[in-house]
Amino acid sequence: MDLRVEFAGLVLKNPIITASGTFGFGLEFQDFGDIRRLGGIVVKGLSLKPREGNPMPRIVETSCGMLNAIGIQNPGVEAFVRDKLPLLPWRETAIIANLYACSVQEFGALSGVLAAEEGVAALEVNVSCPNVQSGGAAFGQDPAQIRKVTEEVKKHGGGKPVIVKLSPNVTDIGLCARAAQDGGADAVSLINTLLGMAVDIRTRKPRLANVVGGLSGPAIKPVALRCVHQACRAVKIPVIGIGGIASAEDALEFILVGASAVQVGTANFLRPDQAFRIVDELPDAMRMAKVEDLDALRRGLVLP
Amino acid sequence: MDLRVEFAGLVLKNPIITASGTFGFGLEFQDFGDIRRLGGIVVKGLSLKPREGNPMPRIVETSCGMLNAIGIQNPGVEAFVRDKLPLLPWRETAIIANLYACSVQEFGALSGVLAAEEGVAALEVNVSCPNVQSGGAAFGQDPAQIRKVTEEVKKHGGGKPVIVKLSPNVTDIGLCARAAQDGGADAVSLINTLLGMAVDIRTRKPRLANVVGGLSGPAIKPVALRCVHQACRAVKIPVIGIGGIASAEDALEFILVGASAVQVGTANFLRPDQAFRIVDELPDAMRMAKVEDLDALRRGLVLP
Amino acid sequence: MVRNCREVKVRESRHLGAWDQPGDFVELTLENPGWEDYRPGQFAMLRPKSWGLDLTWGRPLSISRADADSVTFFFQVVGKGTHRMASLAAGDEVVVWGPLGNWFSAPVDGPVTLLAGGMGIAPFRGYAERYPNPDNLRLVFAHRADLSSYPYQLIADRIAAQAIQERSREDLPMIIERIESEVKAAKGGLVLACGPTPFLKTIQHAAKDHGVRAELSLESSMACGVGACLGCVCKDGRDRHVQVCARGPVFPSDDVRL
Amino acid sequence: MVRNCREVKVRESRHLGAWDQPGDFVELTLENPGWEDYRPGQFAMLRPKSWGLDLTWGRPLSISRADADSVTFFFQVVGKGTHRMASLAAGDEVVVWGPLGNWFSAPVDGPVTLLAGGMGIAPFRGYAERYPNPDNLRLVFAHRADLSSYPYQLIADRIAAQAIQERSREDLPMIIERIESEVKAAKGGLVLACGPTPFLKTIQHAAKDHGVRAELSLESSMACGVGACLGCVCKDGRDRHVQVCARGPVFPSDDVRL
Ligand SMILES: Cc1cc2nc3c(=O)[nH]c(=O)nc-3n(C[C@H](O)[C@H](O)[C@H](O)COP(=O)(O)OP(=O)(O)OC[C@H]3O[C@@H](n4cnc5c(N)ncnc54)[C@H](O)[C@@H]3O)c2cc1C
Ligand SMILES: Cc1cc2nc3c(=O)[nH]c(=O)nc-3n(C[C@H](O)[C@H](O)[C@H](O)COP(=O)(O)OP(=O)(O)OC[C@H]3O[C@@H](n4cnc5c(N)ncnc54)[C@H](O)[C@@H]3O)c2cc1C
Ligand SMILES: Cc1cc2nc3c(=O)[nH]c(=O)nc-3n(C[C@H](O)[C@H](O)[C@H](O)COP(=O)(O)O)c2cc1C
Ligand SMILES: Cc1cc2nc3c(=O)[nH]c(=O)nc-3n(C[C@H](O)[C@H](O)[C@H](O)COP(=O)(O)O)c2cc1C
Ligand code: FES
Ligand code: FES
């Protein structure tokens with residue numbers, strides 16, 4: 001069965017990509033499967049300078065999901081290029097860099113560092129940092145800012161495909177997708193985490209040192225599917241579906257509503273070989289659902 | 001242990017209220033517990049005229065939650081007043097009417113019908129209908145509309161406490177809470193459901209005839225808690241917490257972030273006596289968490 | 001009539017098909033929560049205590065029989081919930097609420113024809129057991145899996161019964177024809193039917209064509225089981241949405257849209 | 001060294017405390033997924049197959065011992081996950097990944113003092129078993145529950161061991177004093193410690209005060225167990241966040257902040 005997908009200048013051997021922050025730099029999972037079998041790997045969020053991230057505690061388990069407030073701990077983009085990228089099988093599997101910055105200029109600089117790296121297949125732009133200059137709402141909650149950041153990354157990205165990763169914490173996800181498209185994005189990916197919180201009634205404290213954090217996992221799949229459906233109807237550029245995907249069937253659901261590919265995040269914590277298992281189970285799941293071809297499925301949603 | 005709560009002109013024997021649409025008119029649960037033991041009951045959404053609601057299928061089970069698109073099927077406000085209200089123990093338990101309308105005027109008319117009903121302790125305003133006149137976004141996603149609707153219900157509500165029920169499908173829940181406060185609301189309740197979707201890869205169809213529906217249940221608790229936390233910091237009026245509450249501990253978590261009372265929704269489907277069990281378990285849960293007094297807990301959140 | 005929600009223990013779980021296979025059939029007997037005066041056709045919601053929160057709803061099953069000591073269900077594994085229910089063992093606890101919904105008429109002066117499709121046979125066990133004059137009753141049972149997967153023999157020991165097996169899709173027209181002729185033959189009496197929707201549709205059409213009184217037991221996804229959530233509705237004869245769990249599951253054939 | 005993720009069967013689950021009570025203690029033996037060359041101090045993540053999706057993460061447990069045939073864990077029921085794990089029975093399947101993390105040093109020329117608090121004793125069973133010269137080893141075990149709840153005797157049969165019980169809060173100063181003096185007495189040798197954080201803090205202070213080399217095994221909530229999520233970090237001596245699961249769980253006492 002042909003699982004290859006092509007979109008936004010990317011050619012993936014299958015539509016299963018691991019999501020940023022949930023699969024480290026890929027190398028952590030080498031004992032649990034052959035990472036060359038994945039369609040792609042989005043590495044942990046990268047910033048211009050190394051970041052220590054948020055104080056502990058940073059993660060909380062919730063019903064069918066989890067909250068995280070890691071705060072983009074990472075060794076910085078240069079250490080990534082120097083220490084990690086050479087070890088990754090980038091000729092066989094798309095290695096996608098996930099960019100985190102807190103100003104438009106910084107996004108530009110970050111893209112510039114990666115522009116010349118042959119091993120980087122695409123740039124995924126994480127717009128979840130609050131923009132202090134413009135009132136403190138996250139970049140990703142303001143279509144005008146999304147557009148600006150997208151343009152900047154396109155300008156400095158050396159022609160690499162630019163994927164803008166959208167936040168679901170907005171009134172109208174279609175507007176945000178369109179802003180990315182207008183800024184020149186080659187694709188959008190969504191959803192990033194839902195803003196959530198947990199508290200401990202015994203200590204009277206929030207369970208995350210950061211107070212709020214991002215909700216992910218199977219719990220959010222219905223919200224993610226709705227957002228992807230809306231984004232697919234709002235833009236012409238390809239859409240990558242993310243959120244609660246834990247099985248091959250889940251992946252096909254996102255493709256059915258229009259996604260070109262999907263990312264597997266929190267499900268990597270169910271067991272470390274889960275992404276590999278999803279790749280393995282995809283052909284069977286397609287047969288069970290009588291899907292011969294992913295492109296046909298993608299155009300197949302029957303609306304009343 | 002004293003479980004009584006007083007706010008917004010309401011006196012409840014305990015802070016456990018059943019949520020609209022998940023507890024029918026209360027009478028359906030009489031065989032499973034003494035409904036007079038509940039702090040309050042919010043009845044199924046009421047409209048001016050009877051409504052048949054959406055076509056089937058209307059509900060889907062999801063991981064730790066469910067989607068619904070019932071479409072406010074109800075016998076109309078007059079049938080409620082005539083046939084249901086007299087059967088309810090409204091002298092002992094607060095019976096709260098949940099109002100659904102699709103124009104500001106209709107909200108006014110609906111409030112007018114209920115204004116004189118002694119058995120109705122308060123009006124809860126559901127602003128989830130898309131406002132066709134103003135572009136199709138739901139009333140509840142536009143602070144200006146929230147304010148208008150609130151003013152109208154206050155005007156016609158005969159002095160009954162007005163609770164505005166907020167949608168989480170917005171960029172800034174604090175703005176919405178403030179709009180309700182500015183409109184004269186006596187309290188806000190939140191959250192209503194998150195917009196979600198489910199599809200069937202075999203039939204290639206959405207699992208809800210309405211395509212999209214509202215996500216509820218334990219899956220959404222972290223989002224609900226964050227919204228309630230934000231609303232409590234944004235307004236001075238009391239806040240009623242809703243979303244994924246399934247145990248006495250969950251209820252206390254919402255009170256810890258500032259809620260005056262809570263509503264139990266989808267958990268009523270875990271078992272039909274769940275709301276009664278939560279009332280029963282509250283004193284023990286308070287002892288375990290060393291909570292002597294709900295008011296103290298409500299002011300007790302320790303932020304870093 | 002008692003209606004309640006209780007935590008009761010599994011008395012016995014007996015697998016009637018191959019263990020742990022989809023298409024598995026299970027006879028589940030629980031301590032009776034006090035439902036001995038239930039009426040055949042009623043159902044209960046079941047939720048094993050071992051379920052976490054990831055399955056949000058209980059699962060509706062017809063009460064197959066009940067006495068002062070125990071209550072018995074028969075079910076087929078078709079998805080997540082029934083799959084997990086199939087691993088229940090004696091001593092495990094289950095939250096149950098019921099008896100729910102309405103029930104089949106039981107006119108003393110027959111004849112009454114029971115038409116069952118697959119696991120739709122479950123409620124007829126109690127019906128046959130309680131009906132005062134078994135000679136008035138007659139069961140026709142359309143099934144796919146081996147007869148031993150269903151409580152058929154228990155009923156056939158008591159009333160006139162015939163089973164017709166659908167071994168392949170080619171058998172379907174024959175079965176439809178047989179069901180239609182059974183409905184026609186029941187004229188003047190009463191037809192009670194329980195089974196998959198296409199099966200019920202056949203009966204509804206035949207009953208209308210031949211002017212036969214019939215009652216149909218419907219299925220629907222259910223969240224509350226008590227008429228509160230309005231998630232399980234069907235349309236009655238005047239196109240009004242009515243709850244299958246509370247106004248049904250049994251509907252007069254001429255007052256429901258399938 | 002093999003590192004993998006496997007579905008293995010439970011060989012035996014033995015309850016060491018009162019059944020199904022919080023504070024319950026369980027010895028869990030699984031088919032060995034090929035980890036016989038693990039190093040004491042390493043751990044594994046466990047996720048019973050019967051878990052639905054409502055518990056998102058596996059649970060980290062120290063490998064207590066492993067041979068070609070089986071791998072054994074000891075755990076205490078403290079919350080949802082361990083509660084559900086306590087009902088595992090022979091034949092049930094568990095997804096395990098490991099061996100994870102680093103391990104305790106095992107210098108051939110002792111002395112090595114093992115300081116265990118509560119279930120922190122688990123990894124020392126394998127350590128005592130594998131350490132080439134048992135005469136070099138000495139265990140001091142601080143515990144609350146009855147000794148039979150822990151794999152203490154199995155270790156005491158092999159090496160010098162002493163147990164001190166905290167029967168009430170009043171015993172605490174005595175225990176702290178004892179632990180401090182054990183650290184002090186270990187000067188020139190090596191202290192290995194595993195237990196609750198306050199216990200480790202006592203040891204860390206004493207080790208610093210008396211210039212004793214010590215290694216501490218830390219606990220943290222874990223999602224991935226393999227260093228990828230960065231959810232389990234602690235601070236090293238230079239205030240950098242390092243993963244407890246991958247850079248630990250064993251840290252030099254002078255290079256970690258508690
Ligand atoms: C009043 C009533 C009485 C019933 N009595 C029995 C009985 O005695 N024995 C028995 O085996 N089954 C009975 N059923 C059907 C039974 O409730 C479903 O098979 C069960 O809920 C499926 O749960 P699941 O989690 O295994 O399936 P899911 O994983 O939820 O779904 C699997 C498949 O089954 C379908 N399905 C789910 N729920 C229902 C439902 N309620 N009705 C029809 N299809 C459904 C889904 O659409 C899906 O295709 C009854 C249903 C009702 C409403
Ligand atoms: C490397 C490592 C090795 C371990 N080895 C063992 C062992 O051999 N035997 C054993 O009994 N336990 C061991 N633990 C602790 C064990 O992992 C936790 O007790 C378990 O994860 C709790 O899960 P739960 O779902 O029952 O508790 P939850 O419901 O998740 O939480 C209950 C309580 O336990 C606390 N808790 C949860 N997870 C941890 C954790 N990882 N560390 C400390 N406290 C926690 C929570 O804060 C909460 O107060 C180890 C932990 C680590 C990190
Ligand atoms: C622990 C953790 C860390 C994450 N870090 C990042 C990150 O660095 N950059 C980013 O864009 N998204 C990050 N995410 C979000 C995920 O990539 C993904 O969008 C989200 O978790 C939803 O998908 P899921 O439900 O499959 O996990 C992180 C998620 C988790 C759980
Ligand atoms: C089946 C169903 C029907 C509902 N109907 C209404 C309604 O009529 N009016 C309303 O304001 N909210 C309605 N809600 C929303 C709930 O009152 C509640 O806000 C939401 O479900 C979140 O709480 P929960 O997670 O505890 O269920 C409905 C929810 C469900 C599940
Ligand atoms: S299942 Fe809730 S109304 Fe029928
Ligand atoms: S548990 Fe994920 S990095 Fe340690």
Side-chain angles (χ1 to χ4, degrees), chain A residues 55 60 62-67 137 141-142 168-172 194-206 209-213 215 217-230 244 246 249 252-257 285-286 288-291 297 300-304, chain B residues 55 60 62-67 137 141-142 168-172 194-206 209-213 215 217-230 244 246 249 252-257 285-286 288-291 297 300-304:
Chain A
V60 186
T62 67
S63 294
C64 291
M66 64 178 283
L67 287 165
Q141 294 178 303
D142 176 354
N169 303 301
V170 296
T171 307
D172 188 341
L194 283 165
L195 200 59
M197 180 175 176
V199 295
D200 184 332
I201 51 173
R202 268 149 287 259
T203 62
R204 313 279 158 101
K205 285 191 205 160
N210 192 52
V211 184
V212 296
L215 182 66
I220 69 167
K221 196 186 77 172
V223 175
L225 205 59
R226 182 266 301 175
C227 288
V228 171
H229 173 70
Q230 291 177 331
E249 287 78 17
L252 294 176
E253 289 175 8
F254 279 80
I255 295 172
L256 176 59
V257 301
M286 287 170 66
M288 290 278 290
K290 301 200 166 37
V291 175
L297 180 68
L301 185 64
V302 181
L303 289 175
Chain B
V60 186
T62 68
S63 294
C64 291
M66 64 178 283
L67 287 165
Q141 293 178 304
D142 175 354
N169 303 301
V170 296
T171 307
D172 187 340
L194 283 165
L195 201 59
M197 181 173 174
V199 295
D200 184 333
I201 51 173
R202 267 149 287 258
T203 62
R204 314 276 159 101
K205 286 191 205 159
N210 192 53
V211 184
V212 296
L215 183 66
I220 69 167
K221 195 185 78 172
V223 175
L225 205 60
R226 181 267 299 174
C227 288
V228 170
H229 173 70
Q230 291 178 330
E249 287 77 16
L252 294 177
E253 289 175 10
F254 280 80
I255 295 172
L256 176 58
V257 301
M286 287 169 65
M288 290 277 290
K290 300 202 166 42
V291 174
L297 180 67
L301 185 65
V302 182
L303 289 175

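As a basis for the values below, the full set of heavy atoms in this structure was taken, side chains included, without hydrogen atoms, waters or symmetry mates. Lettering follows sequence order; numbering is per chain, from 1. Bear in mind that the values here come from a model prediction, so they are computed numbers and not experimental data.
When each of Ala285(B), Cys227(B), Pro206(B), Ala209(B) is checked for heavy-atom pairs under 4.5 Å with chain A, Pro206(B) comes out on top. The candidate from Ser63(B), Gly244(B), Pro222(B) with the greatest count of non-hydrogen atom pairs under 4.5 Å with chain A is Pro222(B).
For chain A, the nearby parts of Val291(B) are the backbone and the side chain; heavy atoms of each come within less than 4.5 Å. Residue contact with chain A, scored on non-hydrogen atoms closer than 4.5 Å, involves the side chain of Val212(B) exclusively. In this structure, chain A has a heavy atom under 4.5 Å from the side chain of Val211(B), while its backbone stays farther away. At a 4.5 Å heavy-atom cutoff, the contact between Leu215(A) and chain B is made by side-chain atoms alone. Proximity to chain B is absent for every atom of Val228(A), based on heavy atoms less than 4.5 angstrom apart.
Rounded to the nearest 0.5 angstrom, Ile220(B) CD1 and Leu194(A) CG are separated by 10.5 Å. Note that the CG atom of Asp172(A) and the CD atom of Gln141(B) stand 8.0 Å from one another [nearest 0.5 Å]. Considering CG of Leu225(B) and OG1 of Thr62(A), their distance stands at 11.0 Å, rounded to 0.5 Å. Between the CD1 atom in Ile201(B) and the CG atom in Leu297(A) there is a gap of 7.5 Å [rounded to 0.5 Å].
Scored by the side-chain contact (heavy atoms from CB on, under 4.5 Å) test, Gln230(B) finds Leu195(A), Ile173(B), Arg226(B) as partners (sequence neighbours excluded). Judged as a side-chain contact (heavy atoms from CB on, under 4.5 Å), and not counting sequence neighbours, the contacts of Asp200(A) are Arg202(A), Thr203(A), Arg207(A).
With Arg204(B) as the partner, the side chain to side chain contact (heavy atoms under 4.5 Å, CB included) test is satisfied by one option alone out of Leu303(A), Leu301(A), Leu256(A): Leu256(A).
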